[in-house]
Amino acid sequence: MIRLLLRRGAVLVALSTIVSITSVVAPVAASAEPTGAAVTWAVQPADGRGPDGRRWIEHTLDPGAVLTEHLAVRNFSDSAVVFTLQAADGYLTDKGRFNMLTAGQESVDGGTWITLPERVTVGAKQTKVVPFTITVPPDATPGDHPAGVAATVTSTGGTVAVQSRVGFRVMLRTSGTVTAAIEVDDLTVRYDRSWNPFTAGAVRLSFTARNTGNVAVTGGGTATVGEPVGRGGRSGTVEVPELMPGDARQVVARVGGVWGLGRLTTTVEVTPAIVSGDPAGAQLRPTTATVTVWTVPWPHLVLTALVGVLVLGWLTIARRRRRHLARLLDQARAEGRAEGRTSVLTAD
């Protein structure tokens, strides 16, 4: 039972940190088989005594500062394991998950600030605390410099080598002016009409959100659609996922209740929010983008045409009936006059 709980704990730790396995087969989180025996492990932030409950390490440091931190490697396996330790630049995947560069990719930012031992041996069912050093370059620019640290196990099977790693993020921020800014690029709008002329349609908008500041941010705001008919327009919410400095992500949103009776002016307003750290004194730069499109209200034009045809038909029928009635009245008058003349002649 204890072994089962420990293995579950390792998986939970892996899910909350970096889990990366490079292989030609389906990976198993926080486990590998380097020598035929299953290896399960976890890597967590720690103090000098052991894991300290942090999900990741986060610091704001001055340029030139040097700081000692700790990580704990927990080996839940039945034998001792030699782990390779690595630090690398951090980034967000296309799905918004934090990851770090692989061993074959060169780090140029926060990953180069971290110095740690190349290897560590952890006995069976043991935990080892490993100190490492964070050194901020004297010319480091203000803002976030994300990195990650991980413990890697390499397993061999035939001619294929598989690297499995587990780690966590190290969020390093250099002191100075913090700027949170999201730029809205390539705003496009599409109107989804309802073919029921008595039901409004919706506007679907898409844009590229780009972090032009120097810290990790998310964003929130509104998309407002103005129409030539009506007042105030319709609004919907816009949510921008987490973006590291320099990151860009496609964002979509929907605004319902739009009739689409001609010109549609769509305005997107986004306000950035700092993901972590103290936002006091930060420069927040909201952004606005506007695009105008024209829509043809086909359902309403068709309805208008149908109503016009019906009205025209009704008027035509009514006019024909009036003419027919007028002819009948004229005929009746003529017949009446003819009968009157006949009656006079007979009397004479």
> Where is the tightest heavy-atom contact between A216 and N211, given as atom of each residue plus distance?
Replying inline: CA-ND2, 4.2 Å

>> Restricting to non-hydrogen atoms, name the atom on P51 and the atom on T127 that form the minimum distance, rounded to 0.1 Å.
In response: CD-CG2, 4.4 Å

> Are S175 and D62 linked by a side-chain donor-acceptor pair shorter than 3.5 Å?
Replying inline: yes

> Has the side chain of Y91 got a donor or acceptor atom that lies under 3.5 Å from a matching backbone atom of P146?
Replying inline: no

> What is the minimum heavy-atom distance between P131 and P117, and which atoms define it?
Replying inline: O-CD, 3.8 Å

> What pairs with R54 under salt bridge (charged side-chain N to carboxylate O under 4.0 Å, His left out), at least two apart in sequence or on another chain?
Replying inline: D52, E69

> Under the ring pair (Phe, Tyr, Trp, His ring centres under 6.0 Å) test, which residues partner F207, sequence neighbours left out?
Replying inline: none

>> Once rounded to the nearest 0.5 Å, what's the spacing between atom CG of D47 and atom CG of L71?
In response: 12.0 Å

> Do T133 and T115 meet the criterion of a side-chain donor-acceptor pair at a distance under 3.5 Å?
Replying inline: no

>> What's the separation between atom CD1 in I134 and atom CG in L116, rounded to the nearest 0.5 Å?
In response: 10.5 Å

> Got a salt bridge between R169 and E242, using NZ or NE/NH1/NH2 to carboxylate O under 4.0 Å?
Replying inline: yes

> Which residues pass the side chain to side chain donor-acceptor pair (under 3.5 Å) test with R263, sequence neighbours left out?
Replying inline: none

> If you measure from the Lys or Arg side-chain nitrogens to the Asp or Glu carboxylate oxygens, is any gap between D78 and K125 under 4.0 Å?
Replying inline: yes

> So T222 and T237, side chain to side chain contact (heavy atoms under 4.5 Å, CB included) or not? Walk me through it.
Replying inline: CA-CA 5 Å; T222 59; T237 59; 5.6 Å; no

> Is atom CD of Q105 surrounded by more than 12 heavy atoms (other residues, nucleotides or ligands) closer than 6.0 Å?
Replying inline: yes

> Only one of T292, T290, L205 clears side-chain contact (heavy atoms from CB on, under 4.5 Å) with T266; which?
Replying inline: L205

> Is there a side chain to side chain donor-acceptor pair (under 3.5 Å) between T287 and E269 once you walk through the steps?
Replying inline: CA-CA 6 Å; T287 186; E269 299 178 350; over 6 Å; no

> Can you tell me if D247 uses its side chain to pair, donor with acceptor, with the backbone of M244 under 3.5 Å?
Replying inline: yes

>> If you compare all heavy atoms of T224 against all heavy atoms of S235, which two are closest, and at what distance to 0.1 Å?
In response: OG1-OG, 3.2 Å

> Quick one: CD on E239 to OG1 on T218, what's the gap to the nearest 0.5 Å?
Replying inline: 9.5 Å

>> For the backbone of R249 and the side chain of T208, can you confirm whether one donor and one acceptor N or O come within less than 3.5 Å of each other?
In response: no

>> To the closest 0.5 Å, what do you measure between CZ (R322) and CD1 (I317)?
In response: 12.0 Å

>> If I compare all heavy atoms of V270 with all of P272, which pair ends up nearest, and what's the gap?
In response: O-CD, 4.0 Å

> Is there a donor-acceptor contact under 3.5 Å from the side chain of S107 to the main chain of D89?
Replying inline: yes

> So, does R210 use its side chain to make a donor-acceptor pair with the main chain of A248 at under 3.5 Å?
Replying inline: no

>> Pair L325, R327 - check side chain to side chain contact (heavy atoms under 4.5 Å, CB included), show working.
In response: CA-CA 5 Å; L325 180 60; R327 285 195 299 269; over 6 Å; no

> Taking atom OG of S276 and atom CG of D144, what is their separation to the nearest 0.5 Å?
Replying inline: 6.0 Å

>> Can you see whether T84 engages E118 through a side-chain donor-acceptor pair at a distance of less than 3.5 angstrom?
In response: no

> Which is it for R173 and H59 under the side chain to side chain contact (heavy atoms under 4.5 Å, CB included) test, yes or no, and what are the steps along the way?
Replying inline: CA-CA 6 Å; R173 178 173 297 174; H59 289 292; over 6 Å; no

